[in-house]
Structure formats: structure tokens, C-alpha cells
Amino acid sequence: MPLITRLCTLLGIELPIVGAGTGSIATARLAAAVTNAGGLGMTGAAGDSPEQIVDRVREIRSLTDGPTGVNVILELQPLEAIETILEAGIEVLATGFGTPDAAIILAHEAGARVFHRCETADEARRAVAAGADAVIAQGADSGGHTGIVPTFALVPQVADAAPEVPVLAAGGVADGRGLVAALALGADGVLLGTRLVASLESGAHEVYKRGIVEAGAEDSIVTDIFEIGWPGRPERVLRNATTEAWEREPEPRVRPLDRPVEIIARRRLADGELELPRWSVDTPNVGDEGAVAEMALYAGPAAGLIGEILPAAEIVRSIAAEADEAWAALAARMVGSPG
């Protein structure tokens with residue numbers, strides 16, 4: 001099955017596979033590994049200063065000659081921060097959670113393309129009208145701060161609404177069958193989040209990675225309790241002691257932001273220590289100490305397809321190979337004679 005799509009042509013990459021910019025979890029090593037395997041690797045700006053992101057982009061550049069990108073949350077990153085990030089010379093600025101118009105202008109002036117995250121077909125239309133170079137159809141199957149329509153219902157609607165630009169399917173994809181399904185629905189590629197969190201190069205804590213590997217699809221739930229740091233945004237996470245304690249509480253519950261601060265973990269920084277409270281949007285990173293299993297463990301139901309922690313390059317290449325096999329099997333069933 002030929003895997004060269006409009007996304008590949010746009011970026012000069014071999015495979016229509018993009019690594020999600022999941023904050024600092026998407027380390028420089030992870031982003032570079034995805035790019036070196038033929039896809040597009042990205043990192044994320046959530047929770048970090050523009051200077052930290054620029055340093056990470058420079059590290060990615062030291063590890064690959066291919067393209068890279070940075071994911072920014074428009075509600076949280078001011079335009080000045082985005083401008084600083086663009087000065088690092090990235091190929092793709094992935095935007096979401098806000099109106100992208102001003103960021104698109106800045107990115108195009110810097111020579112970068114903009115991939116805007118959309119939860120609806122109307123949002124995709126508006127993004128294209130503003131000049132977005134591609135749109136990400138992020139469905140309710142995505143881990144983290146997620147969409148509202150299931151991915152494989154959203155993708156064809158976005159593809160119909162934005163035929164002028166490549167469409168990436170985000171959510172529910174962790175193997176080659178998902179890639180084939182996304183392409184069949186009109187996508188030009190897939191954005192991998194949960195699958196790459198459970199990679200060797202990921203910056204996720206081992207407890208977090210193992211949680212994904214051991215989870216079933218039904219262990220991924222949508223909640224709104226992890227609100228310290230970014231209130232008002234529901235997220236898809238794995239069940240853990242924090243979500244279960246919330247579910248056991250009788251109504252009326254006290255919202256997390258209205259409760260006394262409860263520190264459950266700590267993160268060592270170059271200039272000190274960061275206290276991590278329960279109900280925070282932070283996910284457990286390598287080196288965090290404390291009750292890290294009770295933090296937000298962002299993951300979609302595709303976790304049920306993930307059985308081991310692998311190098312990112314192996315994940316990307318395996319998905320491409322599985323897509324070829326899935327396409328061949330589908331073609332054989334279609335042309336085979338009745339049994």
C-alpha cells in the first residue's frame with residue numbers, strides 16, 4: 001500500500017505519521033526518533049518557558065536533519081512566547097484551544113506551517129479560512145484534553161469541510177489498522193499520542209508507561225477533575241486512585257480548586273523543587289517522586305492495543321508495516337471468492 005499522502009508531500013517526509021507534542025513528555029530524543037523513522041516528530045510547549053522549548057528544539061536539531069514541530073496551547077502561550085519559539089526555525093507550529101489567526105500570521109512570516117487542532121467540522125473550516133496549512137481532527141478518543149466527537153466520526157466530516165488541506169486523525173490510533181482506517185475516512189495521516197507516551201524515549205515516568213501497557217480500553221475515562229493549572233477543560237485519563245476516590249464521593253462534591261492543596265509528588269528542577277498537588281494537570285515525568293500513580297495519566301482507549309514499551313522508531317516503522325499488511329488483508333477479502 002503506498003503511504004505517500006498530501007501530508008508527506010507537504011513536509012517532505014516518508015510516512016504519514018506524526019508524533020503528538022505532548023509537552024515535556026515529547027522529549028527531544030522522542031521527536032528526533034519519529035522524524036528519523038520517516039515521520040514528523042514534535043515536542044510541546046505546555047508548562048515550559050519559551051527558552052526551554054528553544055533549547056529542546058536545538059537538541060532535536062542535533063539529533064536529526066529532518067523536520068520538527070512544536071505544539072502550543074493558544075489559551076496558555078502568549079503571542080510573544082510563540083514568536084520566540086518560531087525563531088528556533090521549526091517547520092510546523094501545531095496550535096489548538098483558541099483562535100489561531102494571529103499565530104498563523106506569525107508562523108508564516110517565520111516560514112513555518114500551521115497545523116490547527118479541531119474538534120468540529122466548523123472549527124476546521126474557520127482554521128482553513130484563517131490560513132492553516134493542515135488541520136488535526138482530534139476526537140474524543142484522544143488522551144489528554146480531548147475532543148467531543150469520536151475520532152472516526154469526526155475525521156470524514158473534517159475531511160469534507162476542509163478538502164483544501166491535509167487532515168490528520170488524532171485519537172484511537174495505535175497500530176497500522178488504525179492508520180488504514182484513518183486514510184480510508186479521508187485523513188492524510190495520523191497523530192500518535194498514547195502510543196508514543198509508551199516509548200523508550202518518552203519523558204513519561206515508568207509508572208505512567210506501565211499503566212498504559214497494562215490498561216484496557218475501558219480504563220480510559222473522560223473527567224474534569226484535573227483542573228489545577230488549566231480549569232474548565234475535560235481530559236481523558238486512565239483510572240487511578242484519584243479518579244476512583246472522586247467517583248466514590250457523595251454529591252454534592254467540592255470542586256478540586258476549592259479544596260485545600262494536597263501535595264502528592266515532587267519534581268526536581270535545576271533551580272529547586274516543584275511540588276505537584278493532587279488534581280493538577282501535570283503528568284508524572286521521569287524522576288518525579290511520590291504518589292506519581294495518582295497524578296493525571298493521560299491516555300486514550302487505544303491503550304488497549306498497546307502491549308509493550310518500544311523504541312519510538314520501531315513503533316513508527318511497525319505501524320507502517322502493519323498498514324501494508326492490513327491493506328493487503330482487506331484487499332484479499334474484497335476480491336476473494338465466497339467460501
Side-chain angles (χ1 to χ4, degrees), residues 7 10-11 13 18-28 30-32 34-35 40-62 64 66-119 123-138 142 144-147 162 165-168 170 189 191 193 203 229-233 235 281-283 285 298:
L7 174 70
L10 180 68
L11 298 176
I13 58 178
V18 177
T22 49
S24 58
I25 296 292
T27 63
L30 174 55
V34 172
T35 293
L40 171 71
M42 295 199 298
T43 189
D48 294 319
S49 69
E51 293 73 24
Q52 288 173 305
I53 302 306
V54 170
D55 286 344
R56 199 177 301 149
V57 171
R58 288 172 179 159
E59 185 180 353
I60 295 170
R61 294 295 188 208
S62 73
T64 182
T68 191
V70 174
N71 178 60
V72 299
I73 297 171
L74 295 171
E75 289 182 6
L76 302 181
Q77 269 87 33
L79 286 176
E80 295 79 9
I82 292 173
E83 196 167 15
T84 299
I85 291 168
L86 287 165
E87 289 172 359
I90 57 176
E91 283 76 20
V92 172
L93 181 73
T95 57
F97 298 104
T99 303
D101 303 49
I104 289 172
I105 293 171
L106 287 176
H108 287 171
E109 288 175 350
R113 295 181 173 90
V114 176
F115 290 11
H116 187 64
R117 170 200 175 279
C118 304
E119 294 182 0
E123 192 176 356
R125 288 189 192 94
R126 292 194 297 270
V128 172
D133 302 281
V135 291
I136 301 167
Q138 183 169 328
S142 300
H145 296 86
T146 190
V165 301
V167 174
L168 277 73
L191 187 80
W230 194 14
R233 288 289 182 181
E235 56 271 318
V281 296
D282 275 296
T283 57
N285 289 5
Y298 299 134

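In this structure, CZ in Arg117 is found 9.5 Å from CG in Asn71, a value given to the nearest 0.5 Å. Rounding to the nearest 0.5 Å gives a distance of 10.0 Å between CD1 of Ile25 and OG1 of Thr43. Taken from CZ in Arg126 to OG1 in Thr99, the straight-line distance is 7.5 Å, to the nearest 0.5 Å. Once rounded to the nearest 0.5 Å, the distance linking CD1 of Ile85 with CD of Glu80 reads 11.5 Å. Atom CD of Gln138 is separated from atom CG of Leu168 by 11.0 Å, given to the nearest 0.5 angstrom.
Inter-residue side-chain proximity for Ile105 and Asp101 is flagged as unmet; no heavy-atom pair is nearer than 4.5 Å. A heavy-atom distance below 4.5 Å is found between the side chains of His108 and Asp133. By the 4.5 Å heavy-atom criterion applied to side chains, Glu87 and Val54 are not counted as neighbours. Side-chain contact between Val92 and Pro67 is absent, with no heavy-atom pair separated by less than 4.5 Å. Side-chain contact between Phe97 and Gln77 is absent, with no heavy-atom pair separated by less than 4.5 Å. The side-chain heavy atoms of Leu40 and Val34, taken from C-beta on, include no pair separated by under 4.5 Å. You'll find the side chain of Val18 reaches within 4.5 Å of the side chain of Leu7, heavy atoms only. Taking 4.5 Å as the limit, some side-chain heavy atom of Ser24 sits within range of a side-chain heavy atom of Arg56.
Remark: the backbone N or O of Gly41 is paired with a side-chain donor or acceptor of Thr35 at under 3.5 angstrom. A donor-acceptor pair is defined here as one N or O able to donate and one able to accept, closer than 3.5 Å; such a pair exists between the side chain of Glu91 and the backbone of Thr68. A donor-acceptor pair under 3.5 Å links the side-chain atoms of Thr64 to the main chain of Gly66, judged by distance alone. Looking only at distances, a side-chain donor or acceptor of Ser142 sits under 3.5 Å from a matching main-chain atom of Ala170.
Here the closest heavy-atom approach between residue Ala162 and residue Val167 is recorded as O-CG2, 4.3 Å. Considering every non-hydrogen atom in both Cys118 and Ala124, the closest pair reads SG-CA, 3.5 Å. Residues Ala107 and Leu93 come closest through the heavy atom pair CB-CD2, 4.1 Å. Heavy atoms only, all atoms of each residue included: Ala127 and Val135 are closest at CB-CG1, 4.1 Å. Closest of all the heavy-atom pairs between Ala103 and Leu74 is CB-CD2, 4.0 Å. What you find for Ile53 and Gly44 is that their closest heavy atoms are CD1-O, 3.2 Å.
A salt bridge does not link Glu51 with Arg58: every distance from a Lys NZ or Arg NE/NH1/NH2 to an Asp or Glu carboxylate oxygen is 4.0 Å or more.
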- Task: Test Val281 against Tyr298 for side chain to side chain contact (heavy atoms under 4.5 Å, CB included), laying out the working first.
- Result: CA-CA 9 Å; Val281 296; Tyr298 299 134; 3.5 Å; yes

- Query: Met42 and Leu191: side chain to side chain contact (heavy atoms under 4.5 Å, CB included), yes or no, with the steps?
  - Reply: CA-CA 10 Å; Met42 295 199 298; Leu191 187 80; 4.1 Å; yes

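With sequence neighbours excluded, the residues satisfying side-chain hydrogen bond (donor to acceptor under 3.5 Å, both in side chains) with Thr95 are His116.
Below 30°, between 30° and 60°, or above 60°: for Trp230 and His145 the angle between ring planes is between 30° and 60°, a tilted geometry.
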